[in-house]
Amino acid sequence: MPRIGAFSFIGLLLAATLSGASLTPRYELVDIGTLPWVSEDVAPHLSASGEISWWQATPERIVHASAWAQSPRDVGTLEGFASSIASQVNDNGQIVGWSVSGKNLVDSGATTHAFLSTRARLVDLGTLGGRDSKATGINESGQVVGVSSLPDQSRHAFLYRAGRLVDLGGLPGGAFSAAYAINNSGLVVGAAETPTHLVHAVIWRDNRIADLGTLPGGSRSRALALNGRGDIVGYSEADQAETHAFLYLEGHMQDLGSLGFDPVRANAINNHRQIVGASGVNQFARHAFIWENGAMQDLNKLISSGGPWRLEEAYDITDQGQILCLGTRSGANRDRHLLLLNPVTAPSPGTYNLQ
């Protein structure tokens, strides 16, 4: 076995320090499996109990909605549909997503229908009168949100409760709205078209919509997630047409900064106001981040150095600090895997700023 001299050891230590590699890893990685690429606006999610909603390819290379809790299980598809996506799961094991009539999940000519899955059955949620629908969020009460087409081919956000779809409507003068998340208090966030045909982040309270606006200098935004306290995250245009992540808190939209470059996107927030997402680190690459106590950190610097994975995006975070990430390995196929980051040690009291 070759020996490493003192000079070489110091060099390795310095290289690790300069590269930002963590000498005391904060997270350990669990490889959940290969994550087929679908589109940039589709993301896996993680429940508070640790169950994952995502998707996998079958032996016939058809993508099916999948769930993971220690091991994967195929959620299947609605009857008469060929493929499916699971978008979110709650602590009761209820999963929402959508089925697609064709094998190509992004085929604009295919029909999509929102579903609600329990361990006993898969329920077709129908539409608001149009051809298509997608379910994107669910709370612990089993209330579901998403987006559906109308008979005139426009699209509106919906709320599914008590066995029926409710049209949440949109901003006055706008034809489009979509709901992406709902918390246990029934607050719903998403995006809607303004009278000037721009898309803004919005919130629905008691089925009434409010425009959250944009970051200074921006004209478009989307709200992607919220926590139990009603704190909202997403992304917005900012000055010089850049895209930045935001935290909307107490009527104010705060820019979360970046890891050096745009675009930046915040995908999830837990009840400790820890936020995860993705940020550009140069003109060609993006990294997963965690934002807490006013600072953004590259998650690649919080895991063991020397491993094969580059964390490109963080999709979700629980109150226990577990994070769901996209990891890639270099190579011609750009191997994509879903990774679960488990905290090595529990957070100490006073770690989180809840002000």
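Owing to the predicted nature of the structure, the values given are computational and were not obtained by experimental measurement.
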Query raised in the report: Side chain of N184, backbone of E140: donor and acceptor closer than 3.5 Å?
Result: yes
Query raised in the report: Given side chains that start at C-beta, do those of R220 and T214 come closer than 4.5 Å, heavy atoms only?
Result: no
Query raised in the report: Are L46 and L340 side-chain neighbours, meaning at least one heavy-atom pair lies under 4.5 Å?
Result: yes
Query raised in the report: So do the side chains of R61 and K103 get within less than 4.5 Å of each other, counting heavy atoms only?
Result: no
Query raised in the report: For R310 and A285, which heavy atoms make the closest approach, and how far apart are they?
Result: NH1-CB, 3.9 Å
Taking distance alone, no hydrogens or angles, what donor-acceptor pairs closer than 3.5 Å link side-chain atoms of residues 256-265 to residues at least two apart or in another chain?
from	atom 1	to	atom 2	distance (Å)
S258	OG	G260	N	3.0
D262	OD2	T243	N	3.1
R265	NE	N267	OD1	2.7

**Report entry** Gap between atom CG of L338 and atom CD1 of I52 - 0.5 Å precision
**Finding:** 5.5 Å
Query - Listed once per pair and sorted, the salt bridge (Lys or Arg N to Asp or Glu O under 4.0 Å) pairs that draw on residues 68-87, sequence neighbours left out - result: E51-R73
Requested in this report: Indicate whether the side chain of H244 and that of E242 have a donor and an acceptor atom separated by less than 3.5 Å.
Outcome: yes
Query - Qualifying residue for side-chain contact (heavy atoms from CB on, under 4.5 Å) with L150, from H156, R155, R131 - result: H156
Requested in this report: Answer yes or no: is there a side-chain heavy-atom contact under 4.5 Å between H287 and L311?
Outcome: no
Requested in this report: For S83, enumerate each residue passing the side chain to side chain contact (heavy atoms under 4.5 Å, CB included) test, keeping only those at least two apart in sequence or located in another chain.
Outcome: I62, V100, L105
Report task. Indicate yes or no for a side-chain donor-acceptor contact from D335 to the backbone of R329 under 3.5 Å, with no hydrogens or angles considered. Result -> no
Requested in this report: Sort and list the pairs that fulfil ring pair (Phe, Tyr, Trp, His ring centres under 6.0 Å) and have at least one residue in residues 94-142, not counting sequence neighbours.
Outcome: F81-H113
**Report entry** N/O donor-acceptor pair under 3.5 Å between N270 side chain and I317 backbone
**Finding:** no
Report task. Would you list the pairs meeting ring pair (Phe, Tyr, Trp, His ring centres under 6.0 Å) in which at least one residue belongs to residues 124-154, sequence neighbours left out? Result -> none
Report task. Check whether any side-chain heavy atom of R229 lies under 4.5 Å from a side-chain heavy atom of R273, and answer yes or no. Result -> yes
Query raised in the report: Would N90 and S47 satisfy side-chain contact (heavy atoms from CB on, under 4.5 Å), going step by step from the backbone distance to the final call?
Result: CA-CA 5 Å; N90 66 13; S47 75; 5.9 Å; no
**Report entry** Presence of salt bridge, D206 and R208, under 4.0 angstrom
**Finding:** no
Query - Between OG1 on residue T127 and CG on residue D132, distance to nearest 0.5 Å - result: 8.0 Å
Requested in this report: Could you tell me the separation between the CG atom of D167 and the CG atom of L165, rounded to the nearest 0.5 Å?
Outcome: 9.0 Å
Query raised in the report: Taking the side chain from S141 and the backbone from Q143, do they hold a donor-acceptor pair closer than 3.5 Å?
Result: no
**Report entry** Nearest atoms (heavy-atom pairs only) where C325 meets L299
**Finding:** SG-CD1, 4.0 Å
Query raised in the report: Between A223 and V202, which heavy-atom pair has the shortest distance, and what is it?
Result: CB-O, 4.1 Å
Query raised in the report: Is the backbone of L35 close enough, under 3.5 Å, to the side chain of R336 for a donor and an acceptor to pair up by distance?
Result: yes
Query - Criterion side-chain contact (heavy atoms from CB on, under 4.5 Å) against V233, the qualifying member of L249, L226, L247 - result: L247
Requested in this report: Find the distance between CH2 (W68) and CG (L324) and round it off to the nearest 0.5 Å.
Outcome: 9.5 Å
Query raised in the report: Step by step, would you call D319 with H272 a side-chain contact (heavy atoms from CB on, under 4.5 Å)?
Result: CA-CA 7 Å; D319 287 348; H272 301 298; 4.2 Å; yes
**Report entry** Under 3.5 Å: donor-acceptor pair, side chain of S177, backbone of A157
**Finding:** yes
Requested in this report: Report yes if the side chains of P25 and I303 come closer than 4.5 Å at any heavy-atom pair, otherwise no.
Outcome: no
Query raised in the report: So, the side chain of Q88 versus the backbone of I138: is there a donor-acceptor pair under 3.5 Å, distance only?
Result: yes
Report summary line: When rounded to the nearest 0.5 Å, the distance separating OG1 of T318 from CG of N271 is 10.5 Å
Report task. Would you indicate whether the side-chain heavy atoms of D31 and L339 approach each other to under 4.5 Å? Result -> yes
Query - Exam field: side chain H45 to backbone W54, donor-acceptor pair closer than 3.5 Å - result: no
Report task. Go through L159 and V144 one step at a time and tell me if the side-chain contact (heavy atoms from CB on, under 4.5 Å) criterion holds. Result -> CA-CA 6 Å; L159 170 65; V144 181; over 6 Å; no
Requested in this report: State, with a plain yes or no, whether a side-chain heavy atom of R26 is found less than 4.5 Å away from one of V344.
Outcome: no
Query raised in the report: Would you say N92's side chain and Q94's backbone share a donor-acceptor pair under 3.5 angstrom?
Result: no
Requested in this report: Applying side chain to side chain contact (heavy atoms under 4.5 Å, CB included), name anything that partners V188, two or more places apart in sequence or on another chain.
Outcome: V145, L168, A179, I182, W204
Query raised in the report: Do you know the tightest heavy-atom contact between A225 and A268?
Result: CB-CA, 3.9 Å
Query raised in the report: What are the two closest non-hydrogen atoms of G228 and S185, and how far apart are they?
Result: O-OG, 4.3 Å
Query raised in the report: Does a donor on one side chain sit under 3.5 Å from an acceptor on the other, for T58 and E60?
Result: yes
**Report entry** Any donor-acceptor N/O pair, S87 side chain to A135 backbone, under 3.5 Å
**Finding:** yes
Query - Where T34 and Q56 come nearest, the two heavy atoms and their spacing - result: O-CG, 4.5 Å
